[in-house]
Amino acid sequence: MNILENLNEKQKEAVEYINGPLLVLAGAGSGKTRVLTTRIAYLIEHGVDPDNILAITFTNKAAGEMKDRIYKLIGYFARTMQISTFHSFGLRIIKENFEYLGYDKNFVIFDSDDSLTIVKKILKNMNLDTDKYNPRGIRNKISSLKNELVSPQDYKKQAMTDFDKIVSDVYIKYEDSLNKNNSLDFDDLLILPIKLFKERKDILESYQEKFKYILIDEYQDTNEAQYRLTKLLASKYKNICCVGDADQAIYGFRGANYRNILNFEKDYKNAKIINLEENYRSTKTILEAANSVIRHNINRKEKNLFSNLDIGDKISYYRASSSFDEVKFVTSKVKELVDNGVSLNDIVVLYRTNAQSRSFEDGFLKTNIPYKIVGGVNFYNRAEIKNLLAYLRLIHNPNDDVSLERIINVPKRGIGEKTISNLMAMASLKNSSLYEAITSGKELLFKSLIEELRSVKDTMPLTEFIDLVLEKSGIKNEYKNEKTLESEVRLENLEEFKSVAKTFEDSEGVISLEDFLLNVSLISDNTEVKDVHDAVTLMTIHAVKGLEFDYVFLVGMEENIFPHANSMFSQEELEEERRLCYVAITRCKKKLYMTNARIRLLYGKDQVNPVSRFISEIDDNLLDNIGIKIIDANSKEMVYNSNKEEKVKLSDTYEEKEMDYEVGDFVYHENFGVGKVVEIIPNKKDPQRTLLKIAFKLPYGIKTLIYSHKSLRKV
C-alpha cells in the first residue's frame with residue numbers, strides 16, 4: 001500500500017521530511033492527525049526503529065486513536081511504540097529511575113482529591129481560617145506554580161502579599177508531606193523527569209539515544225514543563241516534529257503557552273516550517289470569515305485557510321430584540337432545518353459561558369426539541385443550583401428533610417454524619433421532622449439562619465431574596481474565596497439562576513416563593529437526561545475544539561459576553577478570545593448562524609451590551625443580515641437599521657487620551673494594582689491601540705495592555 005497516496009503536496013512534504021526540526025502549522029480541518037500518523041509509518045518504512053520514536057499527545061483518547069491509525073498503516077510495530085500523553089511518558093521515566101530521584105519503588109501517585117486533603121491538613125495545623133484561605137484555591141495555585149517550574153524556595157522569595165506568603169508556606173509543607181509519604185502528585189510526573197535530566201546528564205543522554213525521533217501533537221497547548229521536557233529530549237538530534245496551530249490556542253487559563261509554537265524557529269535553528277492551509281471541512285465562505293477575524297491578532301504566524309469545496313451560504317447574522325427573541329430565532333431555525341431533512345445530531349449551539357445554556361435549555365424544552373449538554377450537565381442538575389434550590393425549598397417548607405440533609409453542611413459548618421444520624425434518631429423518637437428535632441449545637445445556628453430568611457421571604461422581590469440567600473448562607477463567599485476557574489463558573493450559574501426568577505416576575509408580576517418553586521420543579525423535572533439518539537448539541541466553545549458540525553449557531557455575540565468581560569483588560573487575553581472565535585467558526589461545515597440581542601437578561605438583570613467586535617471583523621460580503629443591516633462595519637461605531645436607527649459603540653471600555661507613557665513609568669490598574677512599563681509596542685494603523693507591556697506584582701506578572709483602556713493610568 002502506498003501510504004502517501006491520499007495526501008496533498010504539503011502533507012507529503014511534512015511526512016517526507018525525516019531529519020531535523022519540523023514545525024507543521026496545521027489549520028483547522030487540514031488533516032493534521034493524518035500527517036502525524038502517516039509520518040510515523042513513513043519513518044519506519046525508511047529504516048527508523050519503532051523503539052526510537054516517541055509520539056506525544058494530550059489525552060489518552062487521542063493517543064489511543066493515533067495507535068489505531070498507525071496499526072492500520074503498519075501493523076504490529078504500532079503496539080510496541082511509545083505513543084502516550086505527556087504524563088504517561090513522565091511516569092515511565094520515573095518508574096525506570098525512581099532510585100535516582102530519592103523514591104522507593106512502591107511510590108504512589110496522589111490524585112487531585114488527595115492533594116486537596118493534604119492542603120486542608122496543613123491549613124488546619126497552621127490554625128488558618130479556610131474561609132479566608134480556601135484550600136482548593138491554594139491547591140490550584142501550587143499546581144500552577146509547579147507547572148511553571150517555580151520551586152517553593154523561589155516562590156517564597158517572590159511572595160509579596162499576605163496571601164502569597166501563606167501559599168508559599170503551605171507549598172513548602174505540601175512538598176515535605178509528599179516526600180515523607182513516598183508519594184507524587186500529578187504535576188510531579190512532568191517536573192521530576194526534568195529534574196532528573198538536569199542533574200544526571202548520563203540519564204538524559206540515554207533517553208536521547210532511545211528517542212531519536214520525537215513527534216508532538218497540539219504543540220500550541222504545551223505548558224512550561226511540557227515544553228522544557230521535550231526541549232531537553234530533542235536537544236541532541238533535533239529530530240523533533242511539532243504539529244499545531246497558534247490560531248487555535250485557547251487554553252491559556254490552564255497554563256498553556258501559545259508562544260512555544262511561535263518561538264519554535266528560535267529554539268531550533270534551520271527549522272523547516274510547513275503550512276497546512278487546505279481545509280477539508282468547511283465551505284469557502286466559512287473559511288473566509290474565520291480568516292477575516294483571526295488576522296486582527298498581532299501575535300500569530302501568517303496562515304490563510306482555503307477550501308476546494310463550494311462557496312456555500314452566507315453567514316446568517318441575527319440581531320434579536322431580546323435574549324428571548326434570540327432563543328426563539330434559534331429554535332425556529334432548528335425546526336426549519338429538521339423540516340428540510342437535517343438530523344438534530346448535525347446541529348450545535350455554541351456559547352461562551354456555561355450559564356448561557358439555561359435560556360436555550362428552556363427554549364428547547366418548550367418547543368419539544370431534544371437536546372444534550374456536552375462537557376457539562378443540565379442547568380438545573382448542576383450541584384450549585386441544586387444546593388440553592390434546597391435552601392429555597394427548606395425556607396418554604398422546614399419539614400423538607402431531603403433538602404435539609406443536602407445543605408445543612410453546605411458550605412461546611414462542621415456538621416458531620418454523626419450529628420445528622422443523631423438528629424435522625426431524635427426526629428424518629430419525637431415523630432417529627434429533622435428541622436423540628438434541632439435544639440442545640442452548630443445545627444441550631446443553621447436553624448436560626450433559615451428562620452431569619454423565612455421571616456423576610458415575602459418582603460422583597462425574588463431576585464433580591466435569592467441574592468440574600470446566597471449571601472447569608474455563605475455559598476457566594478465560598479466560591480469567591482476559592483479563586484478557581486470552576487468556582488467562577490459556579491458563581492456565574494448561581495447568578496444566572498436569578499434570571500429564572502426575573503423571568504417569572506416579568507411574566508407573572510409579583511410571584512410567591514411557593515409558586516416559583518412549583519414552576520421550577522416543572523422545568524427541572526423535564527431536564528432529566530433522556531436516552532435520545534437524535535438531539536441538538538449544546539456546549540461551550542472551549543468544549544467543541546476537535547469536533548465538527550454541519551450547522552452551527554454561535555450565540556451571545558456581544559462585548560462583555562464574547563469577547564468575555566475578563567478579557568477587556570488585556571490585549572493578550574483579547575487575542576485568546578479571538579482565537580476562540582476562530583475555533584468556533586471553523587467547527588462549521590455547511591451553514592453558520594451568529595446571533596446577539598439588543599437587551600439581554602443575564603444574571604437576573606437586563607443588560608445592553610455593544611455588538612461583539614468579532615462581527616465587525618467579518619467582511620460585509622460574507623454576512624446575510626436578517627432584518628438588520630450593517631451600514632458601516634469598518635468604523636468604530638456600528639449603525640443598524642431596522643425600525644429605527646441604533647448606535648452601538650464597540651470600544652466603550654477605551655477612551656481617547658494622549659500616549660505619554662515611557663519605559664520605566666509606573667502605572668496603576670484597577671485590577672492588577674501598581675506596575676512598571678517594560679516595553680511599548682506601537683500600532684501604526686491605530687495609535688490608540690498602542691500596547692504596553694507592564695510588569696505587575698505576582699500573581700499577575702507581565703501583562704500586555706492597550707494604553708488607552710479606562711482602567712489604566714500613570715502614577
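Along the sequence shown, residues are numbered consecutively beginning with 1. The shown structure was predicted, so the numbers you read here are calculated from the model rather than taken from an experiment.
In this model, a donor atom of one side chain and an acceptor atom of the other lie less than 3.5 Å apart for Thr484 and Ser487. Using modelled atom types and a 3.5 Å distance limit, the side chains of Asn609 and Arg600 yield no donor-acceptor pair. No hydrogens or angles considered: a donor-acceptor pair under 3.5 Å links the side chains of Asp185 and Tyr174. Counting only N and O atoms by type, the side chains of Tyr155 and Asp164 include a donor and acceptor under 3.5 Å apart. With no hydrogens or angles considered, a side-chain donor-acceptor pair links Glu496 and Ser499 at under 3.5 Å. With no hydrogens or angles considered, a side-chain donor-acceptor pair links Ser343 and Asp534 at under 3.5 Å. Thr353 and Gln356 share a side-chain donor-acceptor pair at under 3.5 Å.
Counting only distance, with no hydrogens or angles, the side chain of Ser570 and the backbone of Ser567 share no donor-acceptor pair below 3.5 Å. The closest donor-acceptor contact from the side chain of Arg413 to the backbone of Ile408 lies under 3.5 Å. When atom types are taken as modelled, the side chain of Glu514 and the backbone of His396 share no donor-acceptor pair closer than 3.5 angstrom. Remark: side-chain polar atoms of Asp187 are not paired, donor with acceptor, to backbone N or O of Lys146 under 3.5 angstrom. With hydrogens and angles ignored, the 3.5 Å screen pairs a side-chain donor or acceptor of Ser421 with a backbone N or O of Glu417. Not one N or O on the side chain of Asn181 forms a donor-acceptor pair closer than 3.5 Å with the backbone of Ser183. Within the 3.5 Å criterion, the main-chain N or O of Lys328 finds a donor-acceptor partner in the side chain of Ser332.
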What's the verdict on side-chain hydrogen bond (donor to acceptor under 3.5 Å, both in side chains) for Ser357 and Arg382, showing C-alpha distance, side-chain angles and the deciding distance?
CA-CA 12 Å; Ser357 77; Arg382 293 166 191 170; 2.9 Å; yes
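Shown are Glu495, Glu384, Glu492; of these, the salt bridge (charged side-chain N to carboxylate O under 4.0 Å, His left out) with Lys476 is made only by Glu495. Checked against Leu601 for a side chain to side chain contact (heavy atoms under 4.5 Å, CB included), the options Ser359, Ser323, Ser322 give a single hit: Ser323. Evaluated for a side chain to side chain contact (heavy atoms under 4.5 Å, CB included) with Leu178, the options Val108, Leu184, Ile118, Asp114 yield exactly one hit, Ile118.
Checked for salt-bridge contact, Lys447 and Glu443 miss the test: no charged N lies under 4.0 Å from a carboxylate O. For Glu575 and Arg578, the salt-bridge test fails: no basic side-chain N is under 4.0 Å from an acidic carboxylate O. Under 4.0 Å is where a charged nitrogen must lie from a carboxylate oxygen, and between Arg254 and Asp221 no such pair does. Looking at Glu436 and Lys430, no side-chain N of the basic residue comes within less than 4.0 Å of a carboxylate O on the acidic one, giving no salt bridge.
Ring pair Phe562/Phe614: centre-to-centre distance below 6.0 Å. Centroid-to-centroid, the aromatic rings of Phe516 and Phe497 come within less than 6.0 Å.
Side-chain contact between Glu559 and Val611: absent, with no pair of heavy atoms (C-beta onward) separated by less than 4.5 Å.
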